[in-house]
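Just so it is clear: chains get the letters A, B, ... in the order the sequence lines come, proteins before strands, and each one is counted from 1.
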Amino acid sequence: MVSGLLRPAGHLDLTSALAPYGGPWNERQAAHLLRRAGFGASPAMIRDAAALSMNDAVTTLLRMPPADQAGRPEIADVREAIVQARMQYGKNGSNDPVALKAAIQGLRRQEFRSILGMQLWWLNRMLNTPAPLQEKMTFLLSGHFTTAALQKGVTPEMVFNQNQLFRRYALGNLHDLTLAVSRDPAMLIYLDNARSAKQHPNENYARELMELFTLGIGNYSEEDVRQSARAFTGWSVDYRSGQFLYRRFIHDNGSKMFLGQTGNFDGTDIVRIIYDQPACARQWASTLLNSFVYNNPEPQLIDALAAELRRHRYELAPVMSTLLRSNVFHSSRAYRSLVKSPVEFVVGSYAALGLSTIDMRALGALRQMGQVLFYPPNVAGWPPGSNWVTSEMLIARENFLAGLVNSPLMRQSTWMGQIPMRADGATKMLVDELLGGDASALSYAQLSQYLDGASKAALGGLSPENYETRVRGGAYLTMAMPAYQLA
Amino acid sequence: MKRGNFLLGAVSGLAVVASTEHLFARALAQAPLPGLPGGENRVLVLINLQGGNDGLNCIVPHGDAAYYQVRPNLAIPRNDVLGLDAHVGMNPQMRSLKAMYDAGLVAVVQGVGYPKPNHSHFRSTEIWQTAAPDTYEHTGWLGRYLDDAQLPKGLFNGVSLSPVLPEVLVAERNDVPAIAQLAGYGLYSDRNAVTRTALTRLVHDGRMPFSSPYLSHIAEVESDAQRGSQELPALVRGYKTDASYPATPLGRSLALAAQMIGSANVGTRVIYIPHGSFDTHVSQKGTQDRLLGQFSDAMKAFYEDLAAHGNDKRVLTMTFSEFGRRIAQNASAGTDHGEASPLFLIGGGVKGGLYGNYPNLDINANMGNLAYTTDFRSVYATVLERWLGRPSEAILRGRYPTMGAISG
């Protein structure tokens with residue numbers, strides 16, 4: 001188990017865990033569904049989902065529009081310009097290393113700005129998409145099949161193409177997705193397979209494919225790593241086109257013995273054999289439960305969902321349909337049992353405040369909170385659970401909120417202007433809309449006192465003069481409560 | 001981050017902020033470990049020469065002709081090197097540190113690295129910080145030390161003087177604050193007394209209409225963050241110093257470190273400070289010389305400041321860098337990512353001198369890289385056992401021989 005993952009108290013009723021939920025369906029439950037299957041939602045969207053039946057709300061979420069409807073950010077392609085600069089300033093040109101360095105640095109900055117633009121584009125997509133689950137899965141997959149932008153020659157175009165790959169397979173087949181990832185240029189470069197040749201097989205991708213992407217440590221041997229690395233030799237990238245390229249002259253055509261089977265395997269065979277292993281289904285079941293239901297799920301629950309995955313031949317759509325309609329998903333044990341990742345926290349805050357644009361401040365805030373899109377900290381992805389709970393990360397979260405509620409952007413809010421000018425009514429509205437009512441009686445009282453100015457007698461009650469400041473302060477305080485950190 | 005109290009929170013169901021205080025009381029009651037020195041009040045300052053410090057132009061093998069052959073433009077002339085012996089000497093910018101070396105306050109450990117070196121900044125930094133070359137650990141070696149050390153409960157037992165908490169200080173049961181500057185450490189909303197009071201009360205919330213395994217932990221860390229950022233400026237306010245630190249980020253960080261070490265009731269044992277970037281692929285000389293000079297001058301001011309307050313004997317400074325660089329220079333008067341490099345142990349407890357083997361500059365021996373001759377975990381074991389007074393095996397996940405560089 002990854003450290004920092006805590007299972008909720010209470011007991012699992014395994015017999016009914018994956019059976020359809022038939023309990024109460026209200027705004028609180030709808031908000032739970034939208035936090036998990038998306039990035040949170042505005043009060044209006046929560047009400048709309050609550051007005052449907054639970055089944056219809058899930059069915060709506062499972063609809064996946066074609067990936068290319070997501071649009072396209074501006075993507076810098078500087079490869080040709082770098083070739084030009086080398087010709088102009090290089091040894092065969094003016095031989096001016098200073099000018100060459102300056103030109104290349106300028107182009108690299110352009111690439112980096114392009115990645116920033118993509119981050120902003122994606123965050124806005126998460127906020128405004130008609131298919132939140134598609135973006136949520138894309139986000140989870142980007143932290144699972146990790147690749148870091150602009151390292152080792154991964155271009156912005158490759159980063160975007162990989163992002164679209166995840167979007168395309170958001171509810172697709174995991175086996176097919178893994179095969180596609182194994183041929184994905186960004187991945188092949190990031191984990192060094194692009195340069196793996198039969199004379200010197202590079203084991204980086206082969207190892208992580210099993211350790212982190214599919215089977216988990218302990219379900220393969222070091223010899224399996226070596227043998228599968230041989231099978232993946234020649235799976236490379238055409239650096240000019242940025243596309244997958246099979247370099248057959250450096251592929252190892254010899255016989256390999258992998259996970260007990262022998263043959264002249266290539267990468268396709270390796271992925272197939274991996275997906276025949278029961279450990280693979282268990283690993284994915286665990287990942288889905290940890291991401292959508294609660295952390296450190298019981299082994300029996302993992303087995304039950306793994307059986308579903310195998311029954312559906314790793315098709316995500318039917319499995320996610322079962323999971324999002326299940327008793328365990330809608331249970332009080334699952335409710336608020338996950339720590340929001342920074343991206344969920346940031347996008348969810350814009351959504352909850354009724355805003356329709358994510359601005360640049362989100363990028364700086366996410367960097368301080370430790371989660372930069374397209375830059376996972378390492379191949380293992382972002383550490384989950386309580387790893388997000390540190391002093392400076394919480395300070396970064398609260399300071400982001402303080403900046404946001406006091407920004408001019410708040411004028412866009414679809415609902416903040418409707419907050420009543422009475423402290424008790426304003427308190428109820430803030431806690432209902434921002435926290436789903438998840439505050440103690442004590443917190444209601446404290447917040448009401450703040451809005452009323454009662455904490456300092458001289459401040460006086462809520463009035464037209466202090467309304468905007470107090471309401472903004474009240475929104476901040478509501479979101480700064482520990483409960484708001486939980487998804 | 002700390003996770004020890006979660007288990008209590010998870011079992012109790014509703015969010016009750018579990019206190020770790022009684023756990024500490026129980027731990028303190030345990031007998032001290034036999035055969036290990038005390039470690040009371042001792043401080044470790046860890047400086048990360050980030051980006052990959054070129055060891056050969058830091059501790060210069062001026063007695064090896066091969067050095068001048070493989071680095072025609074980058075080698076430091078023999079006469080400029082601050083000789084430590086007939087083979088090696090310091091970079092000429094490190095005069096202040098050389099004077100400390102001559103006074104017996106500096107140990108240079110040569111050829112430090114680890115098996116199967118990784119050439120990625122990120123992964124290799126992670127390996128040094130987690131002390132785990134073969135696995136992915138979510139805690140750092142000093143985080144594990146803080147968890148293990150049975151220190152009195154405090155908000156500042158470990159502190160990172162950086163914008164983001166480095167992996168080395170990630171712990172299971174201790175939430176280590178990252179403080180870039182004293183002025184910027186804190187909640188914006190604390191600037192307003194009304195919001196500050198309101199938030200303090202809201203964070204200490206009572207019973208919630210739901211249960212969550214994480215809620216009590218979040219409340220506690222948030223409360224720590226709020227309290228810590230309010231308390232620290234007050235705790236260190238009384239500290240006065242005449243030391244003149246260089247006006248560099250490292251100088252400012254070390255000034256704050258001395259202030260925290262020298263102020264009563266802060267209780268800091270471990271401080272992390274990043275310096276650099278030493279990633280000198282291009283035109284190395286200017287950058288590296290400047291950074292080494294800054295390091296050397298800041299160290300001088302730091303130890304003068306510490307000595308003026310009677311703290312110099314209880315503060316050990318250790319450097320590390322994720323890797324050294326290639327033996328030969330590259331085509332752009334720089335050096336590319338390499339493997340082993342030297343590190344410094346400075347100040348309290350140090351038995352000054354040279355440790356480890358001289359570098360082997362044969363570029364054909366190890367694909368152009370310096371092979372390591374001392375495992376960095378041996379240095380960590382030495383610091384843990386001989387300076388901090390803790391057994392190292394559990395923290396380092398293995399037994400590593402200690403060195404004589406620290407007398408304890």
Side-chain angles (χ1 to χ4, degrees), chain A residues 2-4 6-10 97 101 148 151 212 217 294-295 332-333 335-339 368 370 377-380 383 385-395 398-399 402-403 437-443 446-447 449-450 453 455-456 459 473 476-478 480-483 485-486, chain B residues 1 3 6-7 9-13 15 120 122-123 126 135-139 155 160 163-165 170 172 175-179 185-189 192-195 197-199 201-203 205-219 221-222 224-226 228-229 282 332:
Chain A
V2 178
S3 69
L6 300 176
R7 184 187 299 165
K101 193 180 150 194
Q151 287 187 12
L212 296 169
I217 220 155
Y294 52 74
N295 288 156
S332 63
R333 293 181 70 227
Y335 188 80
R336 295 261 188 221
S337 67
L338 298 176
V339 178
Q368 287 184 325
N378 57 53
V379 67
S386 67
N387 292 286
W388 292 124
V389 186
T390 69
S391 288
E392 78 282 3
M393 286 186 195
L394 290 182
I395 287 177
E398 310 311 26
N399 287 347
D438 289 337
S440 68
L442 186 67
S443 296
Q446 296 289 357
L447 197 58
Q449 239 182 54
Y450 166 81
S455 54
K456 270 200 177 163
L459 294 175
Y476 165 75
L477 289 170
T478 309
M481 286 193 225
Q485 304 291 338
L486 298 167
Chain B
M1 64 208 66
R3 296 184 199 116
F6 281 178
L7 303 172
V11 173
S12 66
S120 142
F122 208 96
R123 179 61 188 143
E126 186 173 66
T135 53
Y136 290 96
E137 294 273 352
H138 280 299
T139 55
L155 291 172
S160 177
V164 177
L165 185 68
V170 173
E172 293 275 350
D175 172 53
V176 174
I179 305 169
Y185 171 52
L187 293 160
Y188 297 156
S189 57
N192 177 320
V194 180
T195 3
T197 315
L199 185 59
R201 291 180 183 154
L202 285 166
V203 169
D205 203 346
R207 292 192 159 247
M208 300 295 291
F210 65 93
S211 68
S212 170
Y214 294 105
L215 188 60
S216 63
H217 177 62
I218 291 169
V221 173
E222 192 162 340
D224 280 359
Q226 206 186 8
S229 60
V282 179
S332 9

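- The one candidate from V203(B), I218(B), L202(B) that meets the side chain to side chain contact (heavy atoms under 4.5 Å, CB included) condition with M481(A) is L202(B).
- Rounded to the nearest 0.5 Å, atoms CG (L442(A)) and CZ (R201(B)) are 9.5 Å apart.
- Contact annotation for A480(A): both backbone and side-chain heavy atoms come within less than 4.5 Å of a heavy atom of chain B.
- Separating the OH atom in Y214(B) from the CZ atom in R336(A) is a distance of 15.0 Å, to the nearest 0.5 Å.
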Q: Run the numbers on V176(B) and T390(A) for side chain to side chain contact (heavy atoms under 4.5 Å, CB included), then give the verdict.
A: CA-CA 7 Å; V176(B) 174; T390(A) 69; over 6 Å; no
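- Between atom OG1 of residue T197(B) and atom OH of residue Y450(A) there is a gap of 11.0 Å, rounded to the nearest 0.5 Å.
- Per-residue heavy-atom pair counts under 4.5 Å with chain A were compared for G186(B), S229(B), S160(B), and the maximum is reached by G186(B).
- A side-chain donor-acceptor contact under 3.5 Å links Y476(A) and S189(B).
- Rounded to the nearest 0.5 angstrom, D438(A) CG and L215(B) CG are separated by 10.0 Å.
- For Y136(B), the part lying under 4.5 angstrom from a heavy atom of chain A is the side chain only.
- Taking CD of Q485(A) as the start and CD of E222(B) as the end, the distance is 6.0 Å to the nearest 0.5 Å.
- Atom OH of Y335(A) is separated from atom OG of S212(B) by 10.5 Å, given to the nearest 0.5 angstrom.
- Looking only at side-chain heavy atoms (C-beta outward), S337(A) and P213(B) come within less than 4.5 Å of each other.
- What you find for M208(B) and A483(A) is that their closest heavy atoms are CE-CB, 3.7 Å.
- Only the side chain of L486(A) comes within contact range of chain B, with heavy atoms under 4.5 Å apart.
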**Q.** Full working for side-chain hydrogen bond (donor to acceptor under 3.5 Å, both in side chains) between S391(A) and D224(B)
**A.** CA-CA 7 Å; S391(A) 288; D224(B) 280 359; 5.7 Å; no
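- Across all non-hydrogen atoms, the minimal contact from L187(B) to I395(A) is CD2-CA, 4.0 Å.
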